[in-house]
Amino acid sequence: MPIEVDGKSFETDEEGYLSNINDWVPGVATVMSKEDDLELTDEHWDIINYLREYYEEYQIAPAVRVLTKAVGKKFGKDKGNSKYLYGLFPYGPAKQACRYAGLPKPTGCV
Amino acid sequence: MSETIKNFLYLNRKAPYGTIYAWESLEVVLIGAAFDQDVSLAFVDDGVFQLTKGQDTAAVGMKNFSPTYAALGDYEVKKIFVEKESLEERGLSLDDLQHLTWEDEDDDWAEKDSIHLVTRAEMAAIMDGADVVFSF
Amino acid sequence: MSTLHTVNKSPFEKTSLEACLGHVSAGAAILLIEDGVYAALTQTSIEAQLKGALDSVKVYALGPDLQARGLSEERLIPGISVVDYAGFVDLAAEHDKLQAWL
């Protein structure tokens, strides 16, 4: 089902992930988070932007374990745990943060 | 944790892009990395072509997955064995391959080389020593 | 009758190139595509075989497949010409028929 962002339509797959990662604009994350009744803060954007950088460099969405470790290294040890990430993204960093970032579902995530 | 840690060896013998084996192997390695086993990757025969630098698939319209090998360090995959004879038969040397590293958390995040050049005889011993071999 | 032969398998894994070289007539052309482009590299174990063929046939390699595999043109055996997809079409049109070695 496509989603509407600023009057433009974005194609998504049956699980709500963006069909084409290159289509992504920040508004995609905003619209998706509104559907989940979630208000995006700077902390959310840090993770979303980091995921996009990671994908740009390695062409994959990182596994949760890899993301957790990287977040701890980049944003401070207190943030490098799954409690912090699930606090921001209750449905899980993979299912929610990657989806908001326009990334495909992480490899191995079922 | 009383679970036995097994030594998994992923054996890569196919060139990238011509067939799907190389990408499938990489996906299985990334998924398998979640299971805390002792993982090694072996690149033998045409498998050594997977690691060449400067791959650009824009013109053939396929996904370029060569940058993904650089993420292996993040997935705690630190042992990548490349067979010397396979490189030589193909006119390649280590300089033609990507420089892959992992960060040692216990050594102030020092970057360490993941790729080890081994002879065919050494590769045979590595295969012998593995508990499980996954072939691609 | 001139034929354009295509080889899409790695010469280190399959005998497609060897079989092709054994059956080409003088004046024919061979176009290396997909994993077949690895045969164009210098200093390989099959270099001499391919060089031998260059005396009687023209050998081409498909540029997009070289780029995908990170193989720069300087790495290729002199005498092998690189063509793009349009060049592939031209070659197909210039020859009487196409024979694929799979």
Side-chain angles (χ1 to χ4, degrees), chain B residues 11-26 42-70 82-100 115 119-120 123 135-136, chain C residues 6-18 20 31-52 54 59-80 82-89 100-102:
Chain B
L11 175 57
N12 299 286
R13 294 186 48 253
K14 308 280 184 191
Y17 312 117
T19 61
I20 196 72
Y21 289 98
W23 171 239
E24 297 223 312
S25 171
L26 196 47
F43 291 88
V44 176
D45 300 334
D46 276 359
V48 298
F49 284 133
Q50 293 178 29
L51 300 176
T52 55
K53 282 189 236 182
Q55 296 178 20
D56 176 4
T57 59
V60 292
M62 295 174 82
K63 181 189 170 83
N64 179 1
F65 54 85
S66 68
T68 307
Y69 292 99
V82 175
E83 190 179 271
K84 190 166 167 279
E85 288 85 342
S86 297
L87 282 177
E88 286 168 356
E89 286 157 11
R90 289 160 184 77
L92 300 178
S93 70
L94 262 195
D95 289 340
D96 295 306
L97 308 187
Q98 295 190 57
H99 182 215
L100 301 180
I115 293 186
T119 63
R120 191 157 280 162
M123 189 61 90
S135 295
F136 292 91
Chain C
T6 61
V7 178
N8 75 337
K9 297 295 189 299
S10 162
F12 308 108
E13 192 185 8
K14 296 266 163 54
T15 54
S16 310
L17 177 71
E18 209 184 331
C20 170
L31 172 61
L32 305 170
I33 61 171
E34 298 169 23
D35 284 348
V37 298
Y38 290 121
L41 285 173
T42 51
Q43 288 173 356
T44 70
S45 53
I46 63 114
E47 183 181 14
Q49 221 181 336
L50 201 127
K51 271 185 168 166
L54 279 170
V59 180
Y60 302 88
L62 193 62
D65 283 328
L66 290 168
Q67 289 154 21
R69 289 159 182 79
L71 312 178
S72 59
E73 291 191 25
E74 306 91 78
R75 302 292 302 267
L76 309 188
I77 295 168
I80 295 181
V82 176
V83 294
D84 58 11
Y85 288 117
F88 189 165
V89 174
W101 297 84
L102 305 175

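Labels below follow one simple rule: chain letters A, B, ... track the order of the sequence lines, proteins then strands, and each chain is numbered from 1. What's counted below: heavy atoms across the whole structure, side chains too, no hydrogens, waters or symmetry copies. Remember, it's a predicted structure, so these values are computed and weren't measured experimentally.
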Nearest heavy-atom neighbours spanning A68(C) and V60(B): CB-CG2, 3.8 Å
Distance-only donor-acceptor pairs under 3.5 Å across chain B and chain C:
from	atom 1	to	atom 2	distance (Å)
K14(B)	NZ	E13(C)	OE2	2.6
D46(B)	OD1	S10(C)	OG	3.4
D46(B)	OD2	S10(C)	OG	2.3
T52(B)	OG1	R69(C)	O	3.0
D56(B)	N	Q67(C)	O	2.8
D56(B)	O	A68(C)	N	3.1
E89(B)	O	S45(C)	N	2.8
E89(B)	O	S45(C)	OG	3.3
G91(B)	N	Q43(C)	O	3.3
G91(B)	O	R75(C)	NH2	2.9
D96(B)	OD1	R75(C)	NH1	2.7

Does the pair F49(B) and L41(C) meet the rule for a side-chain contact (heavy atoms from CB on, under 4.5 Å), with working shown? CA-CA 12 Å; F49(B) 284 133; L41(C) 285 173; 3.9 Å; yes
With chain C as the partner, which of G61(B), A58(B), G54(B) has the greatest number of non-hydrogen pairs under 4.5 Å? G54(B)
